[in-house]
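Structure, as structure tokens:
Fair warning: this is a prediction, and the values are worked out from it, not measured in the lab. Below, chains carry the letters A, B, ... as their sequence lines are ordered, and counting in each starts from 1.
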There are 2 protein chains.
Amino acid sequence: MAPHLNNVGTTKERILSTAEVLFARRGFDGASLRQLTAAAGVNLAAVNYHFGSKEKLIEQVFRRRLDALNARRLDALSKVIGTDDTTLEDVLDAYIRPALELSHDDNGALFMRVLARAFAEHDDTLRHFLSENYGHVMRQFTAEFARLLPQLSKPELYWRIDLVTGALTHAMSGFGMIQRKSGVSETVHLEQTAQHLIRFAVAGLSHP
Amino acid sequence: MAPHLNNVGTTKERILSTAEVLFARRGFDGASLRQLTAAAGVNLAAVNYHFGSKEKLIEQVFRRRLDALNARRLDALSKVIGTDDTTLEDVLDAYIRPALELSHDDNGALFMRVLARAFAEHDDTLRHFLSENYGHVMRQFTAEFARLLPQLSKPELYWRIDLVTGALTHAMSGFGMIQRKSGVSETVHLEQTAQHLIRFAVAGLSHP
DNA sequence: CGTATGATCAAACGATCGTTTGAACACGTT
DNA sequence: AACGTGTTCAAACGATCGTTTGATCATACG
């Protein structure tokens, strides 16, 4: 067996999914294009040919996952709002569950680590990109939280959403103490995680 | 004015405090020893002469701050436990406030970003180092949480502590939405942050 | 004064990085 | 068969990295 982590799909797809794995494992700087292309089983020059540069490859890794994630988030949100009996749990579920389900398919969980790493890197270019392309999603959820928590001042609400975001990012990036027990199936573990996150977020958002 | 960020103290001290700034700003890989020594106003070879290697320098940057931080945490904890009327707020205060006060002195806030970055990097060497040297602090706090929250199962408690840790790390690393308003003094902002964090953590830990 | 000792210096080392180049290849169209 | 287009390839480019070297400086001791 050749030392390839990936040998299916087109060259572009192999680079993308291999990049996701290696960026999560070693970081953006830590994963070199030589390691990446070797693991993907493609030529070194293929990255610059198909993506233009390493930085544009990173952007594509983000775009591929986040487009799907935020589309599903907005879809789930649209299904729970507009009625009189919308609960905080419903909105949080629409926010959290798509992210957890993303961890379901191959390498999806690794992408969450990529995302957490990107947050920690404080890269302004990346933050602009995130705000530019997906800021409207966060804005829509924030508006819904504000409607469901009218007793909170705007600064107070922003504080709490920020802390919830920290907890979610931390949990989804998977570097906490909690690991899946060997006897628990992936599906069950996902459901347990969702339950913990939502209950925790409800308590943190709505306490007096 | 020469392009030095730092020109006081011994060579070793100048390297340490300059490293703290640059690691927070550009990451461990991103900050090169040439940038670092130039900013510190010392010779390139000084790092390897005084610390042995870049990795050992990183370890010293951590050790200098974490020794003080965890000593103050344990000191604060010892002052609130042992009595019958110890509250969850007391223990959380002992955990959170030393970290926030660390952000008070020069570059202390930057160190929190270094710490958050280190968490995100998933570096096993670093995690071993943290667990080896400061694990007993976390264990002591966890034991106290368990005593104050006897209704929670052990897995449930670990889950909640994990999520609280995520919120704290996120908030202290300062990459959230919340920024200090220009009219608010540093001291006031610190107190507000502590209040938000503690109330949020209490709600998240103790909800039914 | 002479001489150890520790600190600082400019310069170079080998390694690895992202990127570029130009030839070779595959293959549908004329 | 000849050509054009898009892709893959080995090889090299210049830049930068962490580290090492050997000379030079400062200073305290016999």
### Query
Between Glu59(A) and Arg64(A), is a salt bridge (charged side-chain N to carboxylate O under 4.0 Å, His left out) present by the stated rule, with each step listed?
CA-CA 9 Å; Glu59(A) 186 182 305; Arg64(A) 188 173 66 147; over 6 Å; no
#### Entry: Asn48(A) and Lys54(A): CA distance, side-chain angles, deciding distance, side-chain contact (heavy atoms from CB on, under 4.5 Å) verdict
CA-CA 7 Å; Asn48(A) 282 278; Lys54(A) 184 179 185 178; over 6 Å; no
### Message
Set out, in order, the CA-CA distance, both residues' side-chain angles and the distance that settles salt bridge (charged side-chain N to carboxylate O under 4.0 Å, His left out) for Asp93(B) and Arg97(B), then state yes or no.
### Response
CA-CA 5 Å; Asp93(B) 196 271; Arg97(B) 200 169 292 273; 3.0 Å; yes
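Using a 4.0 Å cut-off, no side-chain N or O of His50(B) falls inside it from OP1 or OP2 of dG6(C). For Thr11(A), no side-chain nitrogen or oxygen approaches OP1 or OP2 of dT7(D) to under 4.0 Å.
Side-chain atoms of Glu191(A) and Gln195(A) form a donor-acceptor pair, as typed in the model, at a separation below 3.5 Å. Between Tyr49(B) and Asn43(B), the side chains place no donor N or O within less than 3.5 Å of an acceptor N or O (distance only, hydrogens not considered).
The side chain to side chain contact (heavy atoms under 4.5 Å, CB included) with Asn70(A) is formed by just one residue from the set Val137(A), Asn133(A), Asp75(A); it is Val137(A).
Judged by a 6.0 Å distance limit and a 45° cone about the ring axis, Arg160(A) is not positioned over the six-membered ring of Phe200(B).
Stretches of at least 3 consecutive Watson-Crick or G-U wobble pairs, with each checked distance under 3.5 Å, appear in DNA chain C as C:1-30 with D:1-30.
The aromatic rings of Phe111(B) and Phe62(B) lie perpendicular to each other, with more than 60° between the two planes, well past the 30° mark.
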### Task
Scan nucleotides 9-24 of chain C nucleotide by nucleotide, 5' to 3', and note B when protein non-hydrogen atoms come under 4.0 Å of the base, S if they reach only the sugar-phosphate, - if neither.
BB-B----BBBBB---
